[in-house]
Each structure stands twice: as C-alpha cells, then as structure tokens.
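Below is one structure; the comments refer to it alone.
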Amino acid sequence: MKQFLVNRDGQVSLAATIVSWGLVALLVCAVFSFAFSELRYGWNWNAIWQYRQKFVQGWLMTVAISAAALLVSLLLGLLTALARRSALLPLRYLSMLYVESVRGTPLLVQILILFYVVANAFGVDNRYLVGVLTLSLFAGAYLSEMIRSGIESIRDSQLESARAIGLTRAQTYRYVIFPQVVRQLVPPLTGQFASIIKDSSLLSIIAVSEFTLNAQEVNAFTYSTLESYLPLAAGYLLLTLPISLASRALERRFHYAT
Amino acid sequence: MKQFLVNRDGQVSLAATIVSWGLVALLVCAVFSFAFSELRYGWNWNAIWQYRQKFVQGWLMTVAISAAALLVSLLLGLLTALARRSALLPLRYLSMLYVESVRGTPLLVQILILFYVVANAFGVDNRYLVGVLTLSLFAGAYLSEMIRSGIESIRDSQLESARAIGLTRAQTYRYVIFPQVVRQLVPPLTGQFASIIKDSSLLSIIAVSEFTLNAQEVNAFTYSTLESYLPLAAGYLLLTLPISLASRALERRFHYAT
Amino acid sequence: MRLEFRAIGKAFGELQALRDVTLNVAEFQSLAIIGPSGGGKTTLLRIIAGLETPETGQLSIDGQRLDFSEASLLLHRRSIGTVFQAYNLFPHLTARQNVMLPLVKVHDVAVGEARAIVDSLFERFQLSAHADRHPAELSGGQQQRVAIVRAIAIKPRFLIFDEPTSALDPEMTAEVLDFIAELRADGRNLIIVTHNMGFAREVSDHCLFIADGRVLEEGRSSELFSRPQNPLLVNFLAKVLRY
Amino acid sequence: MRLEFRAIGKAFGELQALRDVTLNVAEFQSLAIIGPSGGGKTTLLRIIAGLETPETGQLSIDGQRLDFSEASLLLHRRSIGTVFQAYNLFPHLTARQNVMLPLVKVHDVAVGEARAIVDSLFERFQLSAHADRHPAELSGGQQQRVAIVRAIAIKPRFLIFDEPTSALDPEMTAEVLDFIAELRADGRNLIIVTHNMGFAREVSDHCLFIADGRVLEEGRSSELFSRPQNPLLVNFLAKVLRY
Amino acid sequence: SAKPLIVGMELAYPPFEMTDTSGKPAGVSVDLATDLAKSLGRPVVIENTSFDGLIPALKTGKVDLVISSMTATPERAKSIDFSDPYLSTGLCLLLKKDSPAKSIADLDRAGVKVAVKKGTTGHLYATNKLKKATVLVLDKESAAVLEVSQGKADAFIYDQMSTYQNWQRNSATTRALLEPFQKEYWAVGIRQGNDELKRQVNAFLKDYRQKGGFEQLGDRYLKEMKDEFKRLGYSFFL
Ligand SMILES: Nc1ncnc2c1ncn2[C@@H]1O[C@H](COP(=O)(O)OP(=O)(O)OP(=O)(O)O)[C@@H](O)[C@H]1O
Ligand SMILES: Nc1ncnc2c1ncn2[C@@H]1O[C@H](COP(=O)(O)OP(=O)(O)OP(=O)(O)O)[C@@H](O)[C@H]1O
Ligand SMILES: [Mg+2]
Ligand SMILES: [Mg+2]
C-alpha cells in the first residue's frame, strides 16, 4: 500500500508507477470492454478502410488550421489581456465587449456572420483565412481571460519591487510577470488549445474540408457512424496528446519552491 | 485625454465611463452596420416570429440542461483536481487519463459512445440524464485543470502556515486555498461555463431538443439563416451575460491587496 | 520542559543544513537559539514544530518520542504556537480573522469567546485599530504582532518564536518581553530564535549556539553569555559591542 | 544631500499614515528614521523612493522638486537602490539572477561585468555558496543580504534601506555597518529605517523621529540620541535600556 | 397495449420532416410513420435525432425505423437494410444567376466552384464524377444556397424538390436546372437482420401506394410544387 503513496517530495518509484498505471488501465478496459461486448452492433469496418485517404487529408487540414489558429489566438489573447489592464478606458471596454460577446455567442453563429456578412462586405473571399481568423477570435477571448487571471495573481509587492528596481512596464511583464505565471497558465492553456483543435471542426460550415467533416462524410456515405467516429477520436488524440506532454514538461521546468 | 486614463487606484469617473463606452459602441456599430448594409439580403423576420414558441422551448431546455451540467461539472472538476493532487498514485493516474482522453476527443464522439455504447450496456435509457452527465464529464476535465493550476499557485509558505496552526487537509482547502484562488479562478471558470451552455447544443445528437437544434430547424423550415441565428446568439448571450456580470462582482468581492 | 535530539540530520539537496545534532537539553523553561545566519536555526525550529521531517535521527520532547507520521504530527502541531520569521499571515484574511481561524476551527473555541480573546490581545499589542485590515495593509511591525497574537491566542503547550521582534520598535519589544515574563510565570514554555543578544539574554534561561548545522555550545544563559567557551561564540558576541 | 518636505500627507482609506509632514533636512550624508511601529516610516520612505504618490504636498531632493509623473518617477527610481522591509525578492529568479536583472536590463551593464560585480559582492556577504538558489530556499538572513546586494550593486545615487539588518546576526550586522562606512567614505548617501538604536546611532549623522504620521523630532544624531527633547522620544529610547 | 413503433428522423427537412410552429412533429414522413404504425396496430413515437445519431440509434435498437429522407445506396446497404423505395427524385442544379452553364457537363471545368451538402448523394456524385471543378462541401443546405446567391459558388447540386424551393426563395440571384442528371430513391432504414419488420414495411408501402396514400400526402404537403412540376413536364415522385 505504502508504495502507492507519493511522499511530500513527490518522488515515486518506477515499479509503483507501472503497477498503478496497470491498475488504472485494467479498470478502464473492464468498463469499456463490458460496454462494447453488451453492444449488439453490426460493425462495418471495411467501408471505412476504403475511405482512409479522406481521413488523412482531413486530418492534415485540421493540423494546419489549428496550428495557425493556435498562434494567432495566443497573440490575440495576450493583447486583449493587456488591453483589459491598460490604463486607457476605451481600450479596456473594447476588450471587455469583445470577450463577452464572443464568449456569449455560439461559434457557429460567429462563423456565419463573419464569413457571410463581414468578410463578404470587405470583399475577403478566402475561406481558410476567414476560418482561421474566426477561430482565433473565438479562442482568443477565452485565452485572454485565463491570461488576465494569471497576471492578476501576481502579488502587488512583486510589482512594486519591479518598479523599485526601475523596470519599465514592458520589462515588468517580460521579466517578472510572465515567468511567474507560465507554470500556472500551462494547464488551462493546454485545455484551450485542445478546444481550438476540436472547434476547428465547425469551420466545415463554410466548406473548410477538415477532419470532422471528412469523418461525417464517410459516415454519410456508408452509414457507419461509430466506425467513422472512433478513428476521428483517435486522430484528435494524436494531435492533443503531444501538446499535453509538452505542457507537463513545461510545468515541471518552470516549477520552483515558493 | 487624461480622464480616459485609469489611475493606479483604479478609480474612474462616471462621465469617462459613459463616454468611453459610447466610443466603443460607436466603433462596433460602424463596422457591423457597414457590413450589414453591404449585404443584399431579403430579411424575412415574419417567418421567424411564427416559430417563437420553438425558440422559447429550446431555450428553456438549454437552460435546464446547462444549469444541471454546470453544477455537476464543477463538482467533478473539483474532485478530479483533488484526485490529481492526491498522494495515492492510481487515483492520480486515473484523473490524468480522464483529463487527457476527454480533452483529446470531440464531444460529439463522447456523446455517441457514452449514450449508444456505455449507457446502453448499463441499461440507462434516460437521454437527459446521459446528456447532462456526458456534458459534465466533458467540461469537468477542463475545469479540473483550471482548478488545479489555481490550487498550485498558492505559495508553499501558505500551506506550511496552515499546517502550523493545525488545520487538516480538508480545512486547508476550505479556509486557505479556495478563498485565495476563487478570484483568480473566476474569469476562466466563467468562460468554461459559457462553453458548457453552448456545447449543450451537441446533445441534439441524442434527440435532446435544445436551443440550437430548434433554431436550426426553424432555419430549415423558413430558409432564413441569419434571421434564425441572430435570435440564437441573443438567446445565448441572455444566458451568459448574467454569469459574466456575477463573475465580475465575485472578482471584485474577493479582491484584496497582496 | 526537556528536549532530546539524537543524531538529527537534514539536507536540502547538497546542502547539509543540520549535521548529526545530538543533544540533551534538560529542564528549561525558555530556550534561546542563537547563531550566524544560515546556521540552521530555523530548520531546527521547524523540526521541533513538526513542520519538517529530518532525514535521520530522533527527537523527544518531554521524554516523548515524536513519530513523524502525518496523524500524530497534526496533534503535535496543534499543541504548539508558532511565529514564523516571515510571519506567514494569510493574505486573504483580516488581522482578526487570521487569529480567529485557528481558535475557532482548530481549537473549537466559541466565536464570541474567541472574539473576546482577540480583542483583549489586540488591545494589549496596540492592534485594535487595525483589526479589520488585511496583512498587506499593515506595517511590518503590525504584521509581526498579529503573528505573535495568533500564536499565543490558542494558549499552546509551548511556543516557538522565530525572530519575533525583528520588526518591532524598542517599545513593542519591551512589551513582548513583558508578555514572555508572564508566560513564564504562567508555567508556559518557549523556544526562541533571535539575533538580538540583549533580548536573548533577558528572555531565556537556557541557550544554544548553532553554526553551520552543528550545536557548538549550550548551557545556562547566565553562563553562556558571560563566559562563552567556543571561540566562534566569543567572536560572535564580541561583534555586538561594536554598536 | 538635502531633503525638503512641504506639507506631505498620505492616507490609506480613513487611516492618515502621514500628516502634513513639513521639514527641511539640510546637508546630511546618512539619515536614520526611527519611531514606533506603524508610525509612518515605511510610508515616508516609499514616497522618497518614488513608489508612492502623496495626496498632498511636495518633495524636493537636493533642491530638485520631484514631479510625480510616471515617466520621471521611472528615472528617479533608477537612481535609487531600495531594500524593502520584506526583502521582496523575485521568487522565480535565483539569488544571482535577482541581482543581475536590474544590472543588466535596467543599467545596461554587460553580462560578464555584471557577473563579476555580483560575485565579489556575494563573496563579501557570504552568499557565494547560495548564488544559484531561489529565495524560498534561502534562510531569512540570506534573503535579506541578497536584497541588500541587489540595491547596492547598481551603485545608485543614494540608498534607501528599510530595516536592513532585521534578520541579520551581529556578525553580519557589523559587516553591513562596515559597508555603509565605505559608502559614506565614497560620498554616497543613505536613508535608513531601523529599530536597532545602536545601529542607528552608529550609522547616521542625522536622525528623524516619526510617530503617528508626524515628525516629532529631528537633528544631528549625536545630539538627538544623547539629549532627546520630545518626551515621547525620551520614553522610546529609555525602553532600549531594558535589555 | 402493443409495443410502440419508434421512428427516428431529423426534423429539419420540410415538408418531409419538420415541426409545426408549436414544436409538434409534422410532415410527409411523420404522416407516413403514423399510418405505418396504425397498420401494424402499434402506437407511434417520433424520435427527433440529429443525423449523426440516427444510425447508432437504429443499430443499437433505440429506434425501430429511420424515415428521414434517406437515399438508398448500395454502399449504405452494407451497414443497414433499406425497405423498397417510397420516393424517387433526382439530382439537379441551382446556379448563380449569371452562370452560362446548361448542364452538369458545363460545370466540370477548372475554376468552377460546385457546392454540395455534406454526405448527400450530390456530394457523392461530385466526389466521383467532377474531376476538374472545385467541390465545396458545406454542412448546411442554407449555407450552400447562400454561397450560390452570393456568387461564391457557381452551382449547388441537390435534389429536385429542394432545388426548386431554393430557387423560388432566391429567384433574384439564382436560377435552377431542374432536369435530373441522376435518379435516386428514398427508402425506410431498418436494422440489419430485422427481416420481419422489413417485410411488414414493404407490404405496407405497397398497399399504401395502391390505396393512393402517397397521392394524398403529396396533395397535402406539396400541392404547389406538384402542379409546378407537372407544368414543367417533370415526373412527380411520391
Ligand atoms: N527549503 C530549502 N531549500 C534549500 N535550502 C534551504 C531551505 N531552507 C533552508 N535552506 C538552507 O539551509 C541552511 C540553514 O537554513 P536556516 O533557515 O535554518 O538558517 P537560519 O539559521 O535560520 O538562518 P537565518 O538567521 O538567516 O534565518 C541555509 O544555508 C539555507 O540556505
Ligand atoms: N497599503 C496600506 N493600506 C492601508 N494601510 C496601510 C498601508 N500601508 C501602511 N498602512 C498603514 O499606515 C500606517 C503607517 O505604516 P508604515 O508601514 O509606514 O509604518 P512603519 O512606521 O513602517 O511601521 P513598522 O515599523 O511597523 O514597519 C500603519 O498604521 C499601517 O497600518
Ligand atoms: Mg532563520
Ligand atoms: Mg515599516
């Protein structure tokens, strides 16, 4: 029993790790294999295999779009969080309005309005560009609130200390605030990134041929829903797991006693 | 110019607030009225008005489902965050597996598998129950990582202090950790709650007749896309805005100098 | 009370903060621990307070061996009042709430009674006007006094003070001195780390000199301060005379 | 240097921390500020350091009036080295990085040169073995010494010390005293808040006594400590003699 | 009483599957399901499920039948069984107003954008037959229509009835080529192996057609279109 407990220093033996993971895997497998064995369902995997090419293409598109949206939304989230804390009132209110209206309305509606109304009016016709921007705009609102709450968790005395040694505002963010909040921001940001990747599926509404759309097409062609969607889940996991692993590494890297 | 700047104490005059909001509103209105005026679109609000009953019913269903999912997911997120920090290894790994697999896969697939495979095997047939549970399971994974990162932002010296005065583990969470992280958790949690409300729309896949489904149906019946989706956006805003306002109040309430 | 250290060692990474401390401090009422900065005073205090587990060795208090399991440490800690070097008040609670928390939630004192205790102690330490402020809104000395009040309000078996007067003016230091005298008259025990040699001499009946993780000298305070033996201690005390 | 306060007032909510401080401190090299806890010493120091804006009044340093705009405050702060009562080191940086940050990023010292400065100062203050540790891994006195090194490394126009020796043993206190003597020989100025009257007397040529937000007495240190006028000050100094 | 007949459909395709303004299921398929259940002597339950949920619901037995404007294809028949067809229709084109195209062949050119709705037979056709044109796969029918009417796409491949309706609603910006270039059939979806029910459904459909049930349904829901199609010379379909 004792070896399954982590001591206060957080050290864990390899054997305990393996056995514990084994236990967990056993439990999960038991539930799901029971569930699937109870299922009387005529599996039709052949149909899916024929369409493997579509899965690959869709997956690659999703990778490309999410990567772009990830970067742009992070930038946007950062700027919005800063604007929200800026001393200039209209800038503050603009960022508040942006965050509330984006978080308050469905992505579906935003995509429709931005593509068919706004982009249309401004003569922008590239659906990939508009798609990435809309997705970034959407995720940026969520990211900005996470980043803001991280920034605001820095103690006042730290900020005073930064002012005392003569750091400018920008330097304070760069050398004092961000290094301290990184570790704390990593877990929720990772979650938001996973969301971006999955939310990119809504771009199918403006005919961006991404992963989910392709899986749904295969489903529609073959009427094999579970068979189409299990590879879909696997494909998304393939994308989000590396991000999660990287985030765990980052968390450890930025850990220090306080 | 000067009155649009917030001084370090954060005091703002009423006049400046009003004028600033006015400026922001003006800007936003300008963009959208230009966009909509460019749109040659035959508005057909009459058709929508006939179906107002459907909007109301769907909205009420969404309110009920989201409220339930909000509570359950918060509980689940909390427990998962605690399990993730527990000294018991298998519990830790279980919560890690849960978080990663849920965040890594699309809600759509989760709903399908949980309702048609798992709930089916265990003989649970109530689609509302399964719907709320799936939604909570989904959001709980995100919430748990936010809560965990909040908990871990508490300084070690605070925890030591809590141990020194003889608080138990549970008391430490109750009196030391949670009161300190509440303020910092409020903005991202609010975002996640907004997401739950909107994600509930995916439950239409298991025949839950919620808000988005109803709007889409009206759209299909009347071929008035924008006319159906604008009330949809408004309906969601009606739900998320009070949450946002409450969260701002909470943030202020839990603010103290540090 | 009596303290018995048997081969106590504690390392932080490569740094050996305490090296094999073996010592029997028999029958003291008030123990002062002095020594150069970084010598290991706080670390030793934290072990006595049940906040740190030594890597090696055993510790007995009043003949009772401390077993370092979480359950018995909890009970141990509850019987002690601790003042930290950095005060460690809870930033989200007001001064009064900081003191009330252990009283009400740990020691089951009724809220009304707890308030009365806090009020009278705050009165004594000139904190009444500041009772409803958060730590960040208090001056350094005020924070330190709140920390002292938090430790003594629970009337613990014994008190552990880490530099309790570092931020206090002479007047307040004198007040703390008076209070400690009362505690002693009350039969309560005290272990105190301080850099203020005058204060140490005044307050303690027994004294330890710790440097570099080792106890280099120990004895009755009257002896130790007037006739130090260890050359390091001699040198250490000599510096005080410069100002 | 010279300090000129004109009707300086600062309130925190209802609490008047400084009341109409008007004073001309002409030609001092080292100014000590003493007084009871909560009297307003830290607040006054923070105003001089450009970290707090008084609600009323003006402040001139060496005949130059401080205007409290953010841009000129930045320049002002850069010319000062400050040691806080609570040290306020950056928890995410090691001891060395804490000192390097202002040197390299604010004062544009080359990294190599900055390292040399840090190394020699750490050597002097017995911190070399702890250079790569984070503040939470340092003892109280070590943290305070890092804070002192951070303030002096930039060779500022003048230094502001808020209780710089509260966590230091007599040996280290003597070292700081020596260092301050060097600074004075170097022509550098110093404003210091301390509760250690021996230290205050030794280190300063001028002294202010502040209580309840008012300057109650000021004068040459030699005068003030040996022949205090204000009854409060007389009483205050008397307490020191008790230990 | 007898076990209810549970019929799954996505109530988003008027006039076949829809709800009335108060939210009650209505439309051709709903009436068809009701009549079918009546002939089997069982009460009917309509399960409004979005498309992605229909097949798993059918396969796991949560619904007995799916009547949801499903086009029977050989490929789909590998996963579920279909009844005999109850409706025939065909793929045709909704074009932007100024498009010069006269047939589907004119559209298969580089630079031409053809919109289809995800998972429809039109989508399947475009994937297999249109080699040079760019295919825009859209999630929603309304979005596809919007694409054509905003000129972002040249044409939208869809079934005759919907194309007719879409054209009527956007006659200022679009025109329709209603002549079908591919025939197809709608059928009822049945779980594989549920041969008893399949036999019952087929028998019902045959009987229903003979009794003029489909004629009545057409008159009830599609009168205007039926007349219009007659005028244009296309065969009608129910
Ligand atoms: N958490 C920690 N991690 C790493 N090293 C530590 C930690 N705590 C203390 N140390 C080191 O252990 C040694 C002893 O520290 P301790 O705090 O006991 O000293 P001290 O005698 O209380 O000094 P001071 O008078 O300066 O407070 C010091 O060198 C310190 O740097
Ligand atoms: N941020 C703040 N908010 C509210 N009150 C404050 C704040 N900072 C200081 N005060 C109050 O102002 C008064 C003066 O504080 P100050 O820190 O200047 O005292 P001090 O003379 O430095 O005391 P000490 O010797 O205890 O450090 C105190 O009563 C304190 O409670
Ligand atoms: Mg210490
Ligand atoms: Mg102070």
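The sequence lines fix the lettering, A, B, ..., with proteins before strands; numbering per chain opens at 1. Since this is a predicted model, take the numbers as computed values, not measurements.
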Quiz prompt | Contact winner vs chain A - B/I113, B/V31, B/V99, B/L107, heavy-atom pairs under 4.5 Å | solution = B/I113
Quiz prompt | Contacting moiety of B/S144, where chain A heavy atoms sit under 4.5 Å | solution = neither
Exercise. Supply the atom-to-atom distance B/I177 CD1 to B/T172 OG1, rounded to the nearest 0.5 angstrom.
Key: 6.5 Å
Exercise. Give, as side chain, backbone, both or neither, the part of B/L108 having an atom under 4.5 angstrom from any heavy atom of chain A.
Key: side chain
Exercise. Could you tell me whether the side chain of B/V181 reaches within less than 4.5 Å of the side chain of B/S153, counting heavy atoms only?
Key: yes
Practice problem: Using a cut-off of under 4.5 Å on heavy-atom pairs, state which of A/L185, A/T212, A/D199, A/V109 scores highest against chain B. | Solution: A/V109
Self-check item: A/Y98, part contacting chain B, at a heavy-atom distance under 4.5 Å
Solution: neither
Quiz item: Taking side chain as C-beta onward, heavy atoms only, is A/V124 less than 4.5 Å from A/F115?
Solution: no
Exercise. Under 4.5 Å heavy-atom distance to chain B, tell me which part of A/L143 shows up: side chain, backbone, both or neither.
Key: neither
Quiz item: Is chain A contacted by the side chain of B/Y116, its backbone, both, or neither, given a heavy-atom distance below 4.5 Å?
Solution: backbone
Quiz prompt | Interchain contact, B/S195 with chain A, by part (heavy-atom threshold 4.5 Å) | solution = both
Self-check item: Whether over 12 other heavy atoms sit under 6.0 Å from B/F122 CZ
Solution: yes
Exercise. Sort A/V186 into side chain, backbone, both or neither according to what part of it lies under 4.5 angstrom from a heavy atom of chain B.
Key: neither
Quiz prompt | Heavy-atom pair count under 4.5 Å with chain B, highest-scoring of A/V24, A/L239, A/T240 | solution = A/V24
Quiz prompt | A/R183 with B/E152: basic N within carboxylate O range, under 4.0 Å | solution = yes
Quiz item: What is the distance from atom CD1 of A/I154 to atom OG of A/S161, rounded to the nearest 0.5 Å?
Solution: 12.0 Å
Practice problem: Apply the test side chain to side chain contact (heavy atoms under 4.5 Å, CB included) to residues A/L232 and B/T105: give CA-CA distance (whole Å), side-chain angles for both, the deciding distance (0.1 Å), then the verdict. | Solution: CA-CA 8 Å; A/L232 183 69; B/T105 54; over 6 Å; no
Practice problem: Side chain from CB out, backbone as N, CA, C, O: work out which of these in A/F138 comes under 4.5 Å of a heavy atom of chain B, or both, or neither. | Solution: side chain
Quiz item: Side chains of A/L137 and A/Q110: does their closest heavy-atom pair fall under 4.5 Å?
Solution: no
Quiz item: At a heavy-atom separation under 4.5 Å, does B/L94 approach chain A through its side chain, its backbone, both, or neither?
Solution: both
Quiz prompt | Part of A/L237 within contact of chain B (heavy atom distance under 4.5 Å) | solution = both
Exercise. With rounding to the nearest 0.5 Å, note down the distance linking CD in A/E145 to CD in A/Q192.
Key: 11.5 Å
Quiz item: What part of A/E251 gets closer than 4.5 Å to chain B, counting heavy atoms only: side chain, backbone, both or neither?
Solution: side chain
Quiz item: Do you know which of B/Q158, B/K198, B/R148 has the most heavy-atom pairs with chain A at a distance under 4.5 angstrom?
Solution: B/K198
Practice problem: Measure up the B/W21 and A/Y93 rings against each other and bin them: parallel (under 30°), tilted (30 to 60°), perpendicular (over 60°). | Solution: parallel
Practice problem: Heavy atoms only, distances under 4.5 angstrom: which of B/L241, B/T190, B/V28, B/I197 has the most pairs with chain A? Name it, please. | Solution: B/T190
Self-check item: Toward chain A, the part of B/Y142 with a non-hydrogen atom under 4.5 Å
Solution: side chain
Practice problem: Please flag which part of B/L238 lies under 4.5 Å from any non-hydrogen atom of chain A: side chain, backbone, both or neither. | Solution: neither
Self-check item: Inter- and intrachain pairs under salt bridge (Lys or Arg N to Asp or Glu O under 4.0 Å), touching residues 94-104 of chain B, at least two apart
Solution: A/R248-B/E100, B/E100-B/R103
Quiz item: With sequence neighbours left out, which residue pairs that include part of residues 226-238 of chain A fulfil the salt bridge (Lys or Arg N to Asp or Glu O under 4.0 Å) condition?
Solution: A/E227-E/K59
Practice problem: Give, as side chain, backbone, both or neither, the part of B/L27 having an atom under 4.5 angstrom from any heavy atom of chain A. | Solution: side chain
Self-check item: Gap separating the CG atom of B/L159 from the CZ atom of B/R163, nearest 0.5 angstrom
Solution: 8.0 Å
Quiz item: So which of A/G104, A/A25, A/A215, A/S201 has the largest heavy-atom pair count under 4.5 angstrom toward chain B?
Solution: A/G104
Quiz item: What residue in A/P106, A/P188, A/S157 has the most heavy-atom pairs under 4.5 Å with chain B?
Solution: A/P106
Exercise. Can you tell which part of B/R85 gets under 4.5 Å to a heavy atom of chain A, answering side chain, backbone, both or neither?
Key: neither
